[in-house]
Amino acid sequence: MLYPIGIQNFESLRQGGFAYVDKTDLIYRIASTGRYYFLGRPRRFGKSLLVSTMEAYFQGKKELFKGLAIEKLEKDWTEYPVLHLDWSGATYTSQEIFDEKMELALRQWETEYAVKNDFKTDSVRFKTIIDAAYEKTGKPVVILIDEYDKPLLDSAGNEPLREACRSRLQGFYGVMKSQDGKIRFGFLTGITKMGKLSIFSGLNNLKDISMDYRYVDICGISEDDLHACFDESVQEMADANGLSKEECYAKLKDYYDGYHFCENSADIYNPFSLLNALDSQRFKDYWYETGTPTFVVKALRNGKFNLEDLTLDGVPTSALTGVNADDSDPIPVLYQSGYLTIQSYNEQTEEYSLKYPNKEVERGFMEGLASIYVPSARYNSPFAVRKFAEDFKKGDAEGLMKRFEAFFADADYEIVGDAELYFQNTMYVMCKLMGQYVQVERHTSNGRMDIVVQTDKYVYIMELKMDATADEALKQIEEVGYARPFVADPRKLFKIGVSFSTNEEWKIA
């Protein structure tokens, strides 16, 4: 089987004989029931291929759809003029890059429809192009805009540049509403919906289908798709890894499934990761290997929040469908970019609970957080996470605590800001990362954290306090009875009380 990894052009995919999961029935439904749409999905989720498929459909290329659902649904196959603008392929860190991308698109359309460029503003030129395409072909225009928000995401943190991009895009997209009579269809994709940037104030007739249950799998691969289209591939992967087919399906689900785009949604696989796994026949972190988007890192750096609260309850719908202009709230950014997904929905309160979609995302996300909260814990440093885990395995409690002491002494609180919050977040990330090597459990309450680490020979109970002494921390271990479950356990038990403050201290019992 040929896997369409990295192929975003529908015509190339079909002519090259690559595997294609048929979503054309959904494209037909969208095209025949509405005019203007917005779809938000995480990166590497197939948005560009979806847009390219729409382009081929509206260009009347019937031969490319042979054997697909839409071949029986569409009767006319009318050819429309298509204006396709793809904002991917560039990183918008300067005004010049944005200007060149916009100019290239406008100039190509002006050449195609013999438009003389007598105007300077993007919006007027765009309007003139729509007029010319309509007059030249006698057909209304189809407008497809992929990754509409990339210039805004790339310029996060550079407010003058971001405002310049926002202002120009607002006027550019607004033309679609003023030219409604000459437009057959409009479709925009992106990662986020910039709620407070007013990017769509001039285009307020867009229907947002990002959380519409009818289209949850318009991008991505559902469980049914996996079984129907890739069953033989799963068997081959199972054989290569010494697994049964059922075990391979379960492991694929654990690693790459779990995305929900509305309440009661079917599980959706990340197509990029799934196809890479089937092709290489290896369980790896493919999606996260492509890098954490800059805008996500900036949201995490700027946000004053406890990482324990990321997978939380009581998230209103408004928090999932818009991003604040200042990116102060990381929750919508993390949800829309695919690092968190919907776990459940409370109909009475109309609120959501969130979770990490799968192992690949959670593990990769922790690696990204480590670069922010524990940058000194790199693989070859004295503070590498694996070295902490080795101390646990060896039963070297004294060496372990000296390593922790040196690690926190190395932290720059002027950079990290709130020391207590930094401490909580750092320990959260450290425990998550150490969980790859040893069994770690965490419990937090009222600003303190107790940690239970288990190896084959040792058990560690650590009570960490921000506002009390190490003796008081040890006393709490006894009073609360943290050690009771291990009374009959033959492994050696360490009780460690830690006071984390400007005068750090720790004691082992």
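Residue numbers start at 1 and run along the sequence shown. Since this is a predicted model, take the numbers as computed values, not measurements.
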Test salt bridge (charged side-chain N to carboxylate O under 4.0 Å, His left out) applied to Lys127 and Asp122, step by step: CA-CA 9 Å; Lys127 177 183 180 302; Asp122 308 323; over 6 Å; no
Evaluate ring-ring contact (aromatic ring centres under 6.0 Å, His included) for Trp287 paired with Phe45, printing each intermediate quantity in order. CA-CA 10 Å; Trp287 184 71; Phe45 237 86; 8.0 Å; no
May I have the step-by-step check of side-chain contact (heavy atoms from CB on, under 4.5 Å) for Glu232 and Gln235, ending in yes or no? CA-CA 5 Å; Glu232 185 177 335; Gln235 181 64 68; 5.6 Å; no
The test is side-chain contact (heavy atoms from CB on, under 4.5 Å); show your working for Val333 and Thr192 and say whether it passes. CA-CA 7 Å; Val333 173; Thr192 65; 5.6 Å; no
Take Tyr259 and Tyr269, measure what ring-ring contact (aromatic ring centres under 6.0 Å, His included) needs, and give me the verdict at the end. CA-CA 7 Å; Tyr259 288 91; Tyr269 287 81; 9.3 Å; no
Would Arg14 and Glu63 satisfy salt bridge (charged side-chain N to carboxylate O under 4.0 Å, His left out), going step by step from the backbone distance to the final call? CA-CA 10 Å; Arg14 294 291 285 172; Glu63 69 281 1; over 6 Å; no
Could you please spell out the steps behind the side-chain contact (heavy atoms from CB on, under 4.5 Å) verdict for Tyr80 and Val141? CA-CA 6 Å; Tyr80 297 96; Val141 176; over 6 Å; no
For a ring-ring contact (aromatic ring centres under 6.0 Å, His included) check, start with the C-alpha distance between Phe10 and Tyr20, then their side-chain angles and the critical distance, and finish with the verdict. CA-CA 9 Å; Phe10 178 71; Tyr20 177 70; 5.3 Å; yes
Under the salt bridge (charged side-chain N to carboxylate O under 4.0 Å, His left out) criterion, do Asp154 and Arg162 qualify, and how do the steps go? CA-CA 8 Å; Asp154 288 351; Arg162 192 181 221 194; over 6 Å; no
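Under a 3.5 Å cut-off, the side chain of Ser244 and the backbone N or O of Glu247 do form a donor-acceptor pair. Side-chain atoms of Ser155 do not come within 3.5 Å of backbone N or O of Asn158 as any donor-acceptor pair. The backbone N or O of Ile183 sits less than 3.5 Å from a side-chain atom of Arg35, completing a donor-acceptor pair. For Gln336 (side chain) and Leu320 (main-chain N/O), a donor-acceptor pair under 3.5 Å exists by modelled atom type.
Remark: Lys62 does not engage Glu71 in a salt bridge, criterion side-chain N to carboxylate O under 4.0 Å. Salt bridge status for Glu79 with Lys139: absent, with no side-chain N to carboxylate O gap under 4.0 Å. The residues Lys101 and Asp86 are annotated as not salt-bridged, no charged nitrogen and carboxylate oxygen being separated by less than 4.0 angstrom. Between Lys182 and Asp131, at least one side-chain nitrogen of the basic residue sits less than 4.0 Å from a carboxylate oxygen of the acidic one, meeting the salt-bridge criterion. Look at Asp149 and Arg166 and you find no salt bridge, because none of the NZ, NE, NH1 or NH2 atoms lies under 4.0 Å from a carboxylate O. Ion pairing between Asp285 and Lys359 fails under the 4.0 Å rule for side-chain N and carboxylate O.
Residues Ala31 and Tyr57 come closest through the heavy atom pair CB-CE2, 3.8 Å. Nearest heavy-atom pair, Ala277 versus Tyr256, reported as atom, atom and distance to 0.1 Å: CB-CE1, 3.6 Å. What you find for Met237 and Leu252 is that their closest heavy atoms are SD-CD2, 4.0 Å. Here the closest heavy-atom approach between residue Ile129 and residue Tyr113 is recorded as CG2-CD1, 4.5 Å. Minimum interatomic distance between Gly34 and Phe185 (heavy atoms only, all atoms of both residues): O-CD1, 4.1 Å. Of all heavy-atom pairs spanning Phe38 and Gly190, the tightest one is CE1-N, 3.9 Å.
Contact check for Asp239 versus Gln281: no side-chain heavy atoms found under the 4.5 Å cut-off. Between Thr53 and Lys23 there is no side-chain heavy-atom pair separated by less than 4.5 Å. No side-chain heavy atom of Arg363 sits under 4.5 Å from any side-chain heavy atom of Lys432. Considering only heavy atoms from C-beta on, Met211 comes within 4.5 Å of Ile342 through its side chain. Under the 4.5 Å side-chain criterion, counting only non-hydrogen atoms from C-beta, Leu226 is not in contact with Val21. For the pair Val142/Glu55, no side-chain contact is recorded, criterion being any heavy-atom separation below 4.5 Å from C-beta on.
Other residues, nucleotides and ligands place no more than 12 heavy atoms under 6.0 Å from the CZ atom of Arg107. Environment of CG in Asp118: crowded, with over 12 heavy atoms of neighbouring residues, nucleotides or ligands closer than 6.0 Å. Around the NZ atom of Lys72, the shell of radius 6.0 Å holds no more than 12 heavy atoms that belong to other residues, nucleotides or ligands.
Looking only at atom types and distance, the side chain of His260 has a donor-acceptor partner in the side chain of Asp267 under 3.5 Å away. Neither side chain, Thr78 nor Asp76, offers a donor N or O lying under 3.5 Å from an acceptor on the other. The closest side-chain donor-acceptor pair between Glu147 and Ser88, if any, does not fall under 3.5 angstrom. Counting only N and O atoms by type, the side chains of Tyr36 and Asp180 include a donor and acceptor under 3.5 Å apart. For the residue pair Glu360 / Tyr286, no side-chain donor-acceptor distance below 3.5 Å is found, with atom types taken as modelled.
A parallel orientation is assigned to the rings of Phe172 and Phe126, their planes being inclined by less than 30° (bins at 30° and 60°). Aromatic ring pairs are classed by plane angle as parallel below 30°, tilted from 30° to 60° and perpendicular above 60°; the pair Tyr92 and Trp87 is perpendicular. Ring geometry, Tyr37 versus Phe187: the interplanar angle falls from 30° to 60°, so the pair is classed tilted.
Under the salt bridge (charged side-chain N to carboxylate O under 4.0 Å, His left out) criterion, Glu110 pairs with Arg125, sequence neighbours left out. Residues passing the side-chain contact (heavy atoms from CB on, under 4.5 Å) test with Ser233 are Met1, Tyr3, Phe230, Leu278, sequence neighbours excluded.
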